[in-house]
2 protein chains.
Amino acid sequence: MSPRRSAAEALGTRSAILDRSVAIASAEGLEGLTIGRLALELDMSKSGVLGHFGTKEALQLAVLERADEVFRAEVWEPARQAAPGLPRLRVLCEAWISYLEREVFPGGCFFVAAAHEFDGRPGPVRDAVEARFAAWRARLRKEARRAAEAGDLPSGTDADLLAFELTGLVMALNHAVQLHRDPEAGHLARRAVRARLGG
Amino acid sequence: MSPRRSAAEALGTRSAILDRSVAIASAEGLEGLTIGRLALELDMSKSGVLGHFGTKEALQLAVLERADEVFRAEVWEPARQAAPGLPRLRVLCEAWISYLEREVFPGGCFFVAAAHEFDGRPGPVRDAVEARFAAWRARLRKEARRAAEAGDLPSGTDADLLAFELTGLVMALNHAVQLHRDPEAGHLARRAVRARLGG
DNA sequence: CCTACCGATCGGTAGG
DNA sequence: CCTACCGATCGGTAGG
């Protein structure tokens, strides 16, 4: 056995660091995620942790990317199975609600939390968070537009407004689950979505 | 002049500390608010700042109270002029939207930010944040119920659901303003409120 | 990947 | 309200 780690082992370590990081940052925020704490929980030295990323900011960006992979697998992927337009929009909303109810990230939606943490701090992390939300909003709007054009939504439906409303419902759900631990919130969110999308 | 500050002067100092604290915490969060930074910006010593509150947690609670005074003056007070039920609910929503558009707190809604920061950290600060939201929700629900009972909302309107939806719209607005700097968001929020409350 | 270290900053205290 | 200080922890670096 050579004392040097193989590339595969290094990748495994990096992946383990990111898993832990997502768990910590989900509860404590991306700033609350500290190198020292990561090192302690992973039984590594601080420099061992930092060596994989270089700086804390690079670590934060990598954590965002890992969280995005989870979000895509949980929310975007299920919707690919459904037909474009209203059916897909419904699956998207249901997957989104379910992802929050099941607390896939124990601290609630990773991106909503990161948005609040970084919206007042210019820099690459803020830019990355904003880009993810912009992509998500564009996707919601596209499906809403398709649904409206297909005649599956009331005439005069505005895709922008609908995407805005759906985003708000999900934020209210996230808030109710995380702050109030309200077990009824999922029910409310589903009723509100149904009022918008029927079904 | 006695070297000791009078009670009035001490209150003035305390008030100045809280004003600065609200400004800092609004942008950086209640944890990002540090004694050292406050001391620097106020040209005081750290112990001089801390002496007014005892601990950082006590300072955070005092800051929340000060922020609540602002919120009440901005959003609750205007609504008292309006008749109970639908008229008051409309004024409440408009004041709420306006408060976010004008960025009364430069970092967006103080309580939404605090909720995200503390929902995973049990303790007095978290409890205080939750209590403010519970009071706000109760108020929204009460006016929604009155409006429904007066027949000013479509029959079958659920006050709980309506309060949930309105809260979501405001959160989406807060997010759009703070993260996306979207100048159209206030317009979207008003249209969504109008779709719910008419007018 | 490690040990050993850096300067800066944290909340808080002692004593006046 | 101050100075002077405490132990802990921060992100990061040097050198191996």
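A note on names: the letters A, B, ... follow the listed sequences, proteins ahead of strands, and every chain is numbered from 1.
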Check your understanding: Can B:Arg146 and B:Asp152 be counted as an ion pair, charged N to O under 4.0 angstrom?
Key -> no

**Study point:** Row check, B:Trp76 ring normal vs B:Arg72 NZ/CZ: under 6.0 Å, within 45°
**Key:** yes

Check your understanding: Considering Watson-Crick and G-U wobble pairs with both distances under 3.5 Å, what does D:dG15 pair with?
Key -> C:dC2

Review point. Does C:dC10 have a Watson-Crick or wobble mate here (both distances under 3.5 Å), and if so which one?
Key: D:dG7

Revision key, fill the gap. Atom CZ of A:Phe53 and atom P of D:dG12 are separated, to the nearest Å, by 13 Å

Point to revise | Lys/Arg N to Asp/Glu carboxylate O, B:Arg191 vs B:Glu184, below 4.0 Å | key: no

Study note, to complete from the structure: Ordered by number, residues from residues 14-46 of chain A within less than 4.0 Å of DNA chain C (heavy atoms) are A:Met44, A:Ser45

Point to revise | Atom CZ of A:Arg181 with >12 non-hydrogen neighbours under 6.0 angstrom | key: yes

Check your understanding: Is the closest basic N to carboxylate O distance between B:Arg132 and B:Asp127 below 4.0 Å?
Key -> no

Check your understanding: How long is the line joining CG of B:Leu50 and P of C:dC10, in whole Å?
Key -> 13 Å

Check your understanding: Hey, does the side chain of A:Ser47 come within less than 4.0 Å of C:dC1's phosphate (OP1/OP2), counting only N and O?
Key -> no

**Study point:** Ion pair check, A:Asp119 and A:Arg126, cut-off under 4.0 Å
**Key:** no

